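To start, the structure under review is shown below, and the notes come after it.
When reading the values below, keep in mind they use all heavy atoms of this one structure, side chains included, and skip hydrogens, waters and symmetry mates. Since the structure is predicted, the reported quantities are computational estimates derived from the model, not experimental observations.
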Amino acid sequence: MASPSHPRVAVVGAGLGGLVCARVLQRHGRPVTVFERDVSAGARPQGGSLDIHAGTGQAALRATGLLDRFRAVSRPESQGWRLLDPVTAAVLPVAGPPAHDDDSPEIDRGQLRGLLLDSLAEGTVRWGSAVAGVTPLPDGTWRLLLDDGSCEEADLVVGADGAWSRVRPALSDATPDYAGVTFVEAGFEDCEARHPEVAELVGEGTMLAGSGGKALLAQRNSKGHVRVYAAFRAPHDWHVAAGVDVGDTAAVRAHLLGLFEGWHESLLGLVRGNDGGFVSRPVFVLPVPHVWEHRSGITLLGDAAHLMPPVGLGANLAMLDGADLAEALVAGPTVEDAVRAYEEVMLSRSAQAARDCAALLDDLLPSDAA
């Protein structure tokens, strides 16, 4: 049993929010272990570029002591938006979606995760440790049940394990629901040399063209990579109704070209000439507001607590959650007081953010236009 001032904290999930929480705790000399189901940091792709907002993500990085390192590798030139007309591909006199603030430099999610991982003490992350569930113990602590049959105990369990959290059921019966929108992802490598037309179309940041309940988005990443998303409103099993195997690149491409028929050829090139295949990413969300009755020794952060549409807020909020929770644990007289204070702020903040994200998604893909 850890001392009351140094409780054993088990963070489930080595995403951005969980790693920020661990880093801030370690900066203050607090013990923490991160349990991650992936076998290594590079076990799977980490996703696209993130704009890190001054009031949320950057505030969290300031708490980690890594803000200067972030600034050194981020891309302030990539935070701009280009809005194109779907039929003519003309640049429209609109800057794009409303800016969250005037200082939101971009960074690849994998780069940012690597920055956080490198800042942790060796052995903090237990790779290949998939948590299957958690159960309370009579003394107020918690037992983590791992997929390999082993168990660990902690004074505080932090569920930072994403949309399909194994920790959430200990606090809430809520499960993610399909939002009626799917993003189909594609990519282009070494764009300046191999795909100059795509590089010119996208510009330095993010490009958006949308109409009739569908949109094409293209986003600059580092090292010449451009990530593309074809977004549309459709049933979750859209591919079944269309007779499309999502693993069949040619079939998905043909379906998308039909879906975006009539759009400018330069925009259609984003799904016609991509490198590699396609990945279907249906959008799931948690109820709004998502709240739970406080339980001693356990809480949630990030997508485990407030899964919302991917329109630029989720990662920033997860990082701020992690920093807020860690700072509350350092400052609070007890774990109980700290978690209650954190949840009061986080639940209110995330409910408003989720409503904002839903409105942004409907602006991007109007439900009445599908």
Side-chain angles (χ1 to χ4, degrees), residues 44-52 73-97 99 104-112 181-232 244 246-281 283 310-312 315 364-365:
R44 59 189 172 90
Q46 291 301 307
S49 184
L50 302 169
D51 54 332
I52 304 302
V73 297
S74 65
R75 304 187 303 276
E77 73 279 1
S78 293
Q79 60 187 309
W81 279 80
R82 300 183 79 210
L83 188 63
L84 303 187
D85 181 275
V87 176
T88 67
V91 178
L92 300 176
V94 179
S104 301
E106 297 271 340
I107 187 171
D108 289 8
R109 184 186 289 267
Q111 285 183 301
L112 182 55
V181 170
T182 289
F183 284 62
V184 176
E185 179 184 326
F188 292 82
E189 304 294 341
D190 194 13
C191 273
E192 299 297 342
R194 298 182 59 241
H195 304 284
E197 71 287 351
V198 172
E200 182 178 358
L201 186 72
V202 175
E204 291 298 320
T206 300
M207 180 230 79
L208 166 66
S211 177
K214 52 186 181 285
L216 288 172
L217 300 93
Q219 177 190 65
R220 283 274 187 173
N221 287 199
S222 63
K223 301 178 180 178
H225 181 76
V226 167
R227 193 174 299 262
V228 172
Y229 298 96
F232 49 90
V244 172
V246 293
D248 183 336
T249 298
V252 175
R253 178 173 290 123
H255 179 77
L256 293 176
L257 289 172
L259 187 65
F260 290 92
E261 184 179 2
W263 286 38
H264 194 269
E265 184 57 35
S266 64
L267 292 168
L268 294 180
L270 296 175
V271 294
R272 195 190 302 281
N274 55 296
D275 297 317
F278 297 91
V279 181
S280 182
R281 301 195 183 281
V283 175
V311 292
L364 175 64
L365 302 169

Notebook entry, point to check: Arg281 and Val279: side chain to side chain contact (heavy atoms under 4.5 Å, CB included), yes or no, with the steps?
Noted result: CA-CA 6 Å; Arg281 301 195 183 281; Val279 181; 3.7 Å; yes
Item checked: Neighbour count above 12 (heavy atom, 6.0 Å) for Glu265 CD -> yes
Check: Has Glu197 got more than 12 heavy atoms of other residues, nucleotides or ligands less than 6.0 Å from its CD?
Finding: yes
I want to check something: taking the side chain as every heavy atom from C-beta on, are [X] and [Y] in contact at a cut-off of under 4.5 Å?
X	Y	value
Trp263	Ser211	yes
Leu217	Phe183	yes
Phe260	Leu216	yes
Phe232	Leu259	yes

Ignoring hydrogens and geometry, is there a side-chain-to-backbone donor-acceptor pair from [X] to [Y] under 3.5 Å?
X	Y	value
Asn274	Gly276	yes
Arg75	Arg220	yes
Arg82	Leu201	yes
Arg227	Gly187	no

Next item on the list: Indicate whether the side chain of His195 and that of Asp275 have a donor and an acceptor atom separated by less than 3.5 Å.
Entry: yes
Please report the interatomic distance [atom1]([X]) to [atom2]([Y]), rounded to the nearest 0.5 Å.
X	Y	atom1	atom2	result
His225	Gln219	NE2	CD	8.5 Å
Arg109	Ile52	CZ	CD1	8.5 Å
Ile107	Asn221	CD1	CG	11.0 Å

Notebook entry, point to check: Under the side chain to side chain contact (heavy atoms under 4.5 Å, CB included) criterion, do Leu208 and Leu364 qualify, and how do the steps go?
Noted result: CA-CA 9 Å; Leu208 166 66; Leu364 175 64; 3.3 Å; yes
Margin query: Go through it in stages, so that I can follow the logic: the residues are Met207 and Leu270, the test is side chain to side chain contact (heavy atoms under 4.5 Å, CB included), and I'd like the CA-CA distance, side-chain angles, deciding distance and then a yes or no.
Written below: CA-CA 11 Å; Met207 180 230 79; Leu270 296 175; 4.0 Å; yes
List the atom of [X], the atom of [Y], and the distance in Å for their closest heavy-atom pair.
X	Y	answer
Leu267	Pro86	CD1-O, 3.4 Å
Leu84	Val91	CD2-CG2, 3.5 Å
Asp51	Gly312	OD1-O, 4.1 Å

Checklist line | side chain to side chain contact (heavy atoms under 4.5 Å, CB included) assessment of His255 paired with Phe278 | finding: CA-CA 12 Å; His255 179 77; Phe278 297 91; over 6 Å; no
